[in-house]
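Since the model is a prediction, treat every value here as computed from it, not as a measurement.
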Amino acid sequence: MTASKSSRARNARIGAQAAARNAAKGGTTVKTGSAARSGSATGSGGATGSGGAAARGGAAASGGATGNGGAGRNSGPGTATRDRNGRDQVRTGAARNGAAARTPRAAEVTDEVAERGPAPWLQITTLVLALAGLGVSIYLTIAHFTESSLAGCSESGLVNCTKVTTSPESYVFGIPVAVLGLAFFVFAVAIMSPWAWQSARREIHLARLASMVVGIGFVLYLIYAELFTIGSICLYCTSVHAITFVLFVLTAFAAAAWGLKPGVPWKLIPSRQSD
């Protein structure tokens with residue numbers, strides 16, 4: 001009986017020791033699972049190798065895997081944020097590079113605009129006026145040499161074209177004023193043409209300005225002669241004077257606004273731009 005009690009006591013101690021060992025192994029497995037949750041691959045291996053507490057070890061391993069997944073989830077937003085920041089930096093750099101690439105072109109365009117001369121409207125206007133003056137001068141020259149009366153102009157009173165065109169003041173250095181006017185407007189048509197305005201030769205622009213100064217000076221002399229010497233005016237002569245004055249003003253304005261730079265190119269028929 002005593003032997004049975006001793007045997008039972010010994011078995012109880014052995015069972016208690018086995019339980020203690022199992023409990024120790026279970027704690028190791030839980031700790032290993034915690035290591036797995038911390039992201040340790042070795043801990044996961046330890047969880048697999050936990051002998052007696054296979055279920056608990058498996059649970060720990062699953063916990064480790066869960067921990068790893070949690071770590072993956074935790075690192076996901078940070079990684080995505082870094083990726084977004086990286087993409088934003090790339091876009092910002094590309095935008096800066098694009099702006100830097102466009103800046104020289106914008107400066108080039110600005111310089112090109114600044115280097116342009118008179119606008120097309122001024123070139124066209126001066127050419128039309130020069131052609132009108134040439135037409136009147138041709139008519140006055142023909143009337144002078146044919147000694148015919150000018151159409152629409154009276155021969156008495158303040159407006160008397162015949163008196164003006166046949167007066168001694170209608171000659172300068174023995175040359176008829178009508179011929180001088182014809183020569184002036186032939187030159188004006190050439191110098192006011194688009195090719196002359198757009199020429200890069202500085203002397204052409206100087207010649208245009210100088211010719212207008214000479215022309216307006218001669219016009220002032222003729223107006224003085226008509227009003228104070230002859231005592232009559234000629235409507236055709238006055239129209240030529242007005243055209244010369246406007247050409248002088250436009251030419252002086254072009255020189256003051258744009259200097260002696262070549263004019264902006266223009267075409268009668270604009271080119272079609274393909275879509």
Inset, instruction - For Cys237, enumerate each residue passing the disulfide (SG to SG under 2.5 Å) test, keeping only those at least two apart in sequence or located in another chain. - result: none
Distance from [X] atom [atom1] to [Y] atom [atom2], nearest 0.5 Å?
{"X": "Ile233", "Y": "Thr238", "atom1": "CD1", "atom2": "OG1", "value": "4.5 Å"}
{"X": "Ser211", "Y": "Phe248", "atom1": "OG", "atom2": "CZ", "value": "10.5 Å"}
{"X": "Ile223", "Y": "His241", "atom1": "CD1", "atom2": "NE2", "value": "6.0 Å"}
{"X": "Ser170", "Y": "Ile175", "atom1": "OG", "atom2": "CD1", "value": "12.5 Å"}

Closest contact, heavy atoms only, [X] versus [Y]:
{"X": "Val264", "Y": "Pro120", "result": "CB-CD, 3.9 Å"}
{"X": "Thr126", "Y": "Leu247", "result": "O-CD2, 3.5 Å"}
{"X": "Thr141", "Y": "Ser137", "result": "OG1-O, 2.8 Å"}
{"X": "Leu158", "Y": "Gly231", "result": "CD1-O, 3.8 Å"}

Answer yes or no: is there a donor N or O on one side and an acceptor on the other, between the side chain of [X] and the main chain of [Y], under 3.5 Å?
{"X": "Lys163", "Y": "Ile230", "value": "yes"}
{"X": "Ser199", "Y": "Trp195", "value": "no"}
{"X": "Ser232", "Y": "Val159", "value": "no"}
{"X": "Trp197", "Y": "Pro262", "value": "no"}
{"X": "Thr229", "Y": "Glu226", "value": "no"}
{"X": "Gln198", "Y": "Ser193", "value": "no"}

Inset, instruction - Can you tell me which residue pairs pass the ring pair (Phe, Tyr, Trp, His ring centres under 6.0 Å) test with a partner in residues 122-144, sequence neighbours excluded? - result: Tyr139-Tyr236, His144-Tyr171
Check for me, please, whether [X] and [Y] land in the same ILVMFWY cluster - side-chain distances under 4.5 Å, paths through other members count.
{"X": "Leu129", "Y": "Leu140", "answer": "yes"}
{"X": "Val177", "Y": "Val219", "answer": "no"}
{"X": "Leu180", "Y": "Phe185", "answer": "no"}
{"X": "Val240", "Y": "Val186", "answer": "yes"}
{"X": "Leu122", "Y": "Phe245", "answer": "yes"}

Legend entry - side-chain contact (heavy atoms from CB on, under 4.5 Å) between Leu150 and Thr162, worked out: CA-CA 7 Å; Leu150 298 174; Thr162 303; over 6 Å; no
Inset, instruction - Specify whether Phe253 and Trp258 have parallel, tilted or perpendicular ring planes, treating 30° as the upper limit for parallel and 60° as the lower limit for perpendicular. - result: perpendicular
Inset, instruction - For atom CD of Glu147, decide whether the heavy atoms of other residues, nucleotides or ligands shown that lie under 6.0 angstrom number more than 12. - result: no
Inset, instruction - Check whether any side-chain heavy atom of Met212 lies under 4.5 Å from a side-chain heavy atom of Met192, and answer yes or no. - result: yes
Legend entry - Side chain to side chain, Leu127 and Pro194, heavy atoms closer than 4.5 Å: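 In contact.
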Legend entry - Pair Arg208, His205: side-chain N/O donor-acceptor within cut-off below 3.5 Å: yes
Inset, instruction - I would like to know whether Trp121 and Thr125 meet side-chain contact (heavy atoms from CB on, under 4.5 Å); could you show each step before the answer? - result: CA-CA 6 Å; Trp121 68 264; Thr125 303; 4.1 Å; yes
Inset, instruction - Apply side-chain contact (heavy atoms from CB on, under 4.5 Å) to the pair Phe184 and Val214, showing each step before the final yes or no. - result: CA-CA 10 Å; Phe184 173 79; Val214 173; over 6 Å; no
